[in-house]
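A short write-up of the structure that comes next.
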Amino acid sequence: MQNAMASGIESNEMVRWLPDEVHLYLKHTEEGASIRSLARDMGVHASTVLRQVRKTESLRDDPLVDALLTRLGAGVRDGQPVYATAAPIDPDADDTVSPHMVRLLRAMMKDRAVMAVSQGVDTAVVLCARDDGDPLTVAKGPTEIVEVMALRGWIEGGASGRVVRYHITTEGRLALNKMLAQQEGRATGFAEASTGFSGIPDGASFVGAAKAAKARTRSGRPIGADSPVRVLGRSTGRGQPYLAPTLVSAAERLHRDFALGQFELSGIATWDRLQDAVRSALTTTHPSDRKLDARKRFASAMQALGPELGQIAIAVCCHEKGMERIEADMAMPARSGKYMLRVALNYLSRYYDSVGGDEHELIY
């Protein structure tokens with residue numbers, strides 16, 4: 001898929017932004033790969049693949065997602081592999097996709113902002129209501145970009161018809177914060193291994209990345225899957241979720257400060273080393289105001305949690321490790337991790353309530 005779309009964006013650039021569930025879905029529905037064979041390639045249980053395929057199929061109720069999957073399916077039938085190896089992205093080169101996404105998501109953060117998408121029109125429009133009630137156009141973007149945003153769950157529409165209106169979701173706000181942090185990191189000279197937004201190293205094919213992940217660890221979370229916190233905060237239909245929405249919100253707020261502060265705390269096993277890493281991050285030469293503010297908020301939250309709860313909060317909320325792996329790493333009794341996480345998030349939620357502020361203040 002190297003051809004240019006109607007917007008002038010190369011198709012292979014759009015492929016990088018597709019969740020892994022879409023690759024599984026197309027392999028199963030268009031190429032006829034069985035659920036069990038896909039599970040063997042990924043090193044997971046067949047029920048995991050089946051759940052992801054069903055999740056993607058359920059998204060087709062959205063007209064944008066349905067149009068995108070229909071077009072991708074047609075491409076696969078024509079011999080255009082949407083999961084083929086793509087050219088690596090140079091971190092210093094201009095990315096033609098993310099600027100559109102950042103611009104549209106930032107526009108949708110405005111008060112009373114709504115995105116209007118019309119059938120058969122190649123451009124989506126973000127509108128805001130003026131004081132006199134008339135709509136004001138604040139941003140425009142290619143429909144292909146908006147389709148991917150809908151597929152990733154960053155926007156959602158509540159009506160059907162020729163014109164569909166979309167609003168930004170919590171996932172969209174988090175994605176915007178991550179992209180802004182990445183842009184600022186490149187501007188301030190922060191460098192990491194070249195990876196795509198979804199976490200797959202640039203230049204790696206979908207199947208190759210899955211096999212590489214399997215070789216590294218069997219406990220890694222599938223790319224594109226919900227975080228452990230969001231899984232525990234999802235209603236099961238048999239009563240209240242294990243984590244209340246306020247606790248999920250506190251966890252995501254901690255993760256947002258972790259991402260914006262651009263910490264490197266992986267592998268820290270003791271509270272003293274964690275404190276040293278935080279102090280080092282706070283004294284880094286010439287950090288931007290945005291990055292420094294995030295680091296201060298993160299350091300204050302860690303002080304409020306203390307050593308034991310702080311370590312489990314970082315492992316789950318920031319590094320998104322699974323409970324079984326955390327219990328093994330921290331020598332905790334089996335099935336005790338969820339309870340300790342809930343205790344930590346209760347402390348964290350009360351701390352955030354005492355200091356005030358909300359997620360909208362982080363977009364500046």
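All residue numbers in this chain count up from 1 along the given sequence.
The shortest heavy-atom contact between Leu260 and Asn177 is CD2-O, 3.6 Å. Across Met108 and Tyr166, no two heavy atoms sit closer than the pair CE-O, 3.5 Å. Between Leu104 and Ala139 the shortest heavy-atom distance is CD2-CB, 4.2 Å. Scanning both residues, Leu24 and Gln52, for their nearest heavy atoms gives CD1-OE1, 2.8 Å. Contact record, Leu305 with Ala344: CD2-O, 3.4 Å, taken as the closest heavy-atom pair. The two residues Ile314 and Met302 make their nearest non-hydrogen contact at CD1-SD, 3.6 Å.
Arg165 contributes no side-chain N or O that, together with a main-chain N or O of Val114, makes up a donor-acceptor pair within less than 3.5 Å. A donor-acceptor pair is defined here as one N or O able to donate and one able to accept, closer than 3.5 Å; no such pair exists between the side chain of Thr123 and the backbone of Gly141. No side-chain donor-acceptor contact under 3.5 Å links His319 to the backbone of Lys321.
Contact of the Leu18 side chain with the His23 side chain is registered, since non-hydrogen atoms from C-beta on lie closer than 4.5 Å. Between Val355 and Ser300, the closest side-chain pair of non-hydrogen atoms is not below 4.5 Å. Between Arg342 and Leu247 the shortest side-chain heavy-atom distance falls below 4.5 Å. Under the 4.5 Å side-chain criterion, counting only non-hydrogen atoms from C-beta, Ile312 is not in contact with Glu308. Looking at heavy atoms from C-beta onward, Glu171 lies out of side-chain contact with Arg152 at the 4.5 angstrom threshold. With contacts defined as side-chain heavy-atom distances shorter than 4.5 Å, the pair His255/Lys178 qualifies. Residues Leu232 and Met323 are in side-chain contact: their nearest non-hydrogen atoms beyond the backbone lie under 4.5 Å apart. Taking 4.5 Å as the limit, every side-chain heavy atom of Tyr242 sits out of range of all side-chain heavy atoms of Val231.
Taken together through direct or relayed side-chain contacts under 4.5 Å among Ile, Leu, Val, Met, Phe, Trp and Tyr, Val125 and Ile145 form parts of separate hydrophobic clusters. No chain of hydrophobic side-chain contacts below 4.5 Å, direct or via other Ile, Leu, Val, Met, Phe, Trp or Tyr residues, connects Val117 to Leu127.
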Starting from the C-alpha separation in whole Å, work towards a yes-or-no answer on side-chain contact (heavy atoms from CB on, under 4.5 Å) for Ile155 and His167. CA-CA 5 Å; Ile155 59 174; His167 297 84; over 6 Å; no
So Trp154 and Leu105, side-chain contact (heavy atoms from CB on, under 4.5 Å) or not? Walk me through it. CA-CA 8 Å; Trp154 297 347; Leu105 290 173; 4.2 Å; yes
Do Leu64 and Val164 pass the side-chain contact (heavy atoms from CB on, under 4.5 Å) test, and can you show the C-alpha distance, the side-chain angles, and the key distance before you say yes or no? CA-CA 9 Å; Leu64 284 179; Val164 183; over 6 Å; no
CA sep, side-chain torsions, deciding dist, call: Val146, Met115, side-chain contact (heavy atoms from CB on, under 4.5 Å): CA-CA 9 Å; Val146 178; Met115 176 183 287; 3.4 Å; yes
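A distance of 11.5 Å separates OG1 of Thr29 from NZ of Lys27, quoted to the nearest 0.5 Å. A distance of 8.5 Å separates CG in Leu174 from OG1 in Thr169, rounded to the nearest 0.5 Å. Atom CZ of Arg295 sits about 11.0 Å away from atom CG of Asp293, to the nearest 0.5 Å. Separation of atoms CZ (Arg103) and NZ (Lys140) is listed at 10.5 Å; rounding is to 0.5 Å. Atom SG of Cys317 sits about 5.0 Å away from atom CG of Leu345, to the nearest 0.5 Å. For the atom pair CG (Leu341) and OG (Ser336), the distance works out to 11.0 Å, reported to the nearest 0.5 Å.
Other residues, nucleotides and ligands contribute at most 12 non-hydrogen atoms within 6.0 Å of the OH atom of Tyr347.
Every side chain to side chain donor-acceptor pair (under 3.5 Å) that Thr70 has, sequence neighbours left out, goes to Arg60. Not a single side chain to side chain donor-acceptor pair (under 3.5 Å) links Glu327 to another residue, sequence neighbours left out. The side chain to side chain contact (heavy atoms under 4.5 Å, CB included) test applied to Ala39 returns Val44, Ala46, Val49, not counting sequence neighbours. Partners of Ser118 by side chain to side chain donor-acceptor pair (under 3.5 Å), not counting sequence neighbours: none found. In this structure Glu324 satisfies the side chain to side chain donor-acceptor pair (under 3.5 Å) test with no other residue, sequence neighbours excluded. Scanning for side chain to side chain contact (heavy atoms under 4.5 Å, CB included) contacts around Glu30 gives Leu26, Val76, Arg77, with sequence neighbours left out. Listed by chain and residue number, Lys110, Val126, Cys128 satisfy the side chain to side chain contact (heavy atoms under 4.5 Å, CB included) test with Ala113 (two or more places apart in sequence, or in another chain). Here Asp353 pairs with nothing under the salt bridge (Lys or Arg N to Asp or Glu O under 4.0 Å) rule; sequence neighbours left out. Leu50 pairs by the side chain to side chain contact (heavy atoms under 4.5 Å, CB included) definition with Ile35, Arg54, not counting sequence neighbours.
Salt-bridge formation is not detected for the pair Glu144/Arg71: no Lys NZ or Arg NE/NH1/NH2 atom is positioned less than 4.0 Å from an Asp or Glu carboxylate oxygen.
Side-chain contacts under 4.5 Å among hydrophobic residues (ILVMFWY), followed directly or transitively, place Val121 with no other residue at all.
Between Phe258 and Phe298, the two ring planes are tilted [angle within 30° to 60°].
Tyr25 and Asp20 share no side-chain donor-acceptor pair at under 3.5 Å. In this structure, a donor-acceptor pair under 3.5 Å is present between the side chains of Ser34 and Ser37.
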